[in-house]
Amino acid sequence: MKKSMNKKRLPYIDYIKAIGIILVIIGHINFANADCKTWIYSFHMPLFFFVSGLVVNVKKKRDKDIELHFLYSKIENLLYPYFVWAIIYAPLSIKNLLKILYGSYESIIKAKSLSSLWFLPVMFLTVCFFELFVYIQKKTKIQSNLFYSMIIIITFMIGLILPNLEFGY
């Protein structure tokens, strides 16, 4: 049994997640009209990334053992379910396995797997990048507000200049 790390649940986080889950369900069922789906799809998945960021503790002490444990827990909680379900849904072939390994929305569709699984590898990469940014910020001792503002601007600019690839990112 995992040892509790004195985590206190924040009810408003659970409420936000519940609203997000309800919106995902409404967005995926067929009775929702196109305008409703467009509205829901404009923010429902970014909401989950936002909520994940709300519960991150950047001030906690990070040493190599904690970082490895963190990485293993994210692999266990995000990547393992992704691969299991993607392989279950996709016809078994080396080509499809490679597409599943790529992990983009388009590659998962081309593997004829469950396209909604795209969220899991993206969340894994996002969390890993965030941990990398926290590590860099602490090592360089740049003021955190300035550092994260620079990261946001750079990320936004990269998003603007990236082409729309047929196979996805």
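In what follows, residues are counted from 1 in the order of the sequence shown. When reading the values below, keep in mind they use all heavy atoms of this one structure, side chains included, and skip hydrogens, waters and symmetry mates.
In this structure, Leu54 CG and Ile13 CD1 are separated by 4.5 Å, a value rounded to the nearest 0.5 Å. Atoms OG and CZ, on Ser113 and Phe83 in that order, are 11.0 Å from each other to the nearest 0.5 Å. Ile108 CD1 to Leu120 CG: the interatomic distance, rounded to the nearest 0.5 Å, is 8.5 Å. In this structure, Ser93 OG and Lys99 NZ are separated by 7.0 Å, a value rounded to the nearest 0.5 Å. Summarising the geometry, atom CG belonging to Leu114 is positioned 10.5 Å from atom CD1 belonging to Ile100; distances are rounded to the nearest 0.5 Å. Note that OH of Tyr135 and OG1 of Thr140 are 10.5 Å apart. Values are rounded to the nearest 0.5 Å.
Side-chain N or O atoms of Tyr89 include none that pairs as donor or acceptor with a backbone N or O of Ser115 at under 3.5 Å.
Residues Phe130 and Ile152 fall into different hydrophobic clusters, defined by Ile, Leu, Val, Met, Phe, Trp and Tyr side chains chained together at heavy-atom separations under 4.5 Å. In this structure, Met150 is a member of the same hydrophobic cluster as Leu132, with clusters built from ILVMFWY side-chain heavy atoms closer than 4.5 Å. Following chains of ILVMFWY side-chain contacts shorter than 4.5 Å, one can reach Ile94 starting from Ile87, so the two form part of one hydrophobic cluster.
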Residue pair Thr38, Ser42: steps toward the side chain to side chain contact (heavy atoms under 4.5 Å, CB included) verdict:
CA-CA 6 Å; Thr38 300; Ser42 69; 5.8 Å; no
Pair Tyr82, Ile75 - check side chain to side chain contact (heavy atoms under 4.5 Å, CB included), show working.
CA-CA 10 Å; Tyr82 165 72; Ile75 289 170; over 6 Å; no
Assess the residue pair Tyr148 and Val134 against the criterion (side chain to side chain contact (heavy atoms under 4.5 Å, CB included)); give the C-alpha distance rounded to whole Å, side-chain angles, the decisive distance to 0.1 Å, and a yes or no.
CA-CA 9 Å; Tyr148 294 119; Val134 168; 3.3 Å; yes
Can you list the steps and then say if Trp118 with Met45 is a side chain to side chain contact (heavy atoms under 4.5 Å, CB included)?
CA-CA 11 Å; Trp118 70 268; Met45 294 314 288; 3.8 Å; yes
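The number of heavy atoms from other shown groups lying within 6.0 Å of OH (Tyr80) does not exceed 12. Residue-environment remark: CZ (Phe50) stays at or below the threshold of 12 foreign heavy atoms within 6.0 Å.
Applying the ring-ring contact (aromatic ring centres under 6.0 Å, His included) rule to Phe133 yields no partners; only residues at least two apart in sequence or on another chain are considered. In this structure, the ring-ring contact (aromatic ring centres under 6.0 Å, His included) partners of Phe49, at least two apart in sequence or on a different chain, are Phe119. Scanning for side-chain contact (heavy atoms from CB on, under 4.5 Å) contacts around Ile158 gives Ile154, Leu162, with sequence neighbours left out. Here Val127 pairs with Phe70, Lys74, Met123 under the side-chain contact (heavy atoms from CB on, under 4.5 Å) rule; sequence neighbours left out. Looking at residues two or more places apart in sequence or on another chain, you find a side-chain contact (heavy atoms from CB on, under 4.5 Å) between Ile88 and Val84, Trp85.
No side-chain heavy atom of Val122 sits less than 4.5 Å from a side-chain heavy atom of Tyr105. Under the 4.5 Å side-chain criterion, counting only non-hydrogen atoms from C-beta, Phe124 is in contact with Leu71.
The two atoms that bring Ile26 and Cys36 nearest to each other are CG2-SG, 4.4 Å, heavy atoms only. Pro121 and Gly103 get closest at one heavy-atom pair: CG-O, 3.6 Å.
Evaluation of the side chain to side chain donor-acceptor pair (under 3.5 Å) test over residues 13-25, restricted to residues two or more places apart or in two chains, returns Arg9-Asp14.
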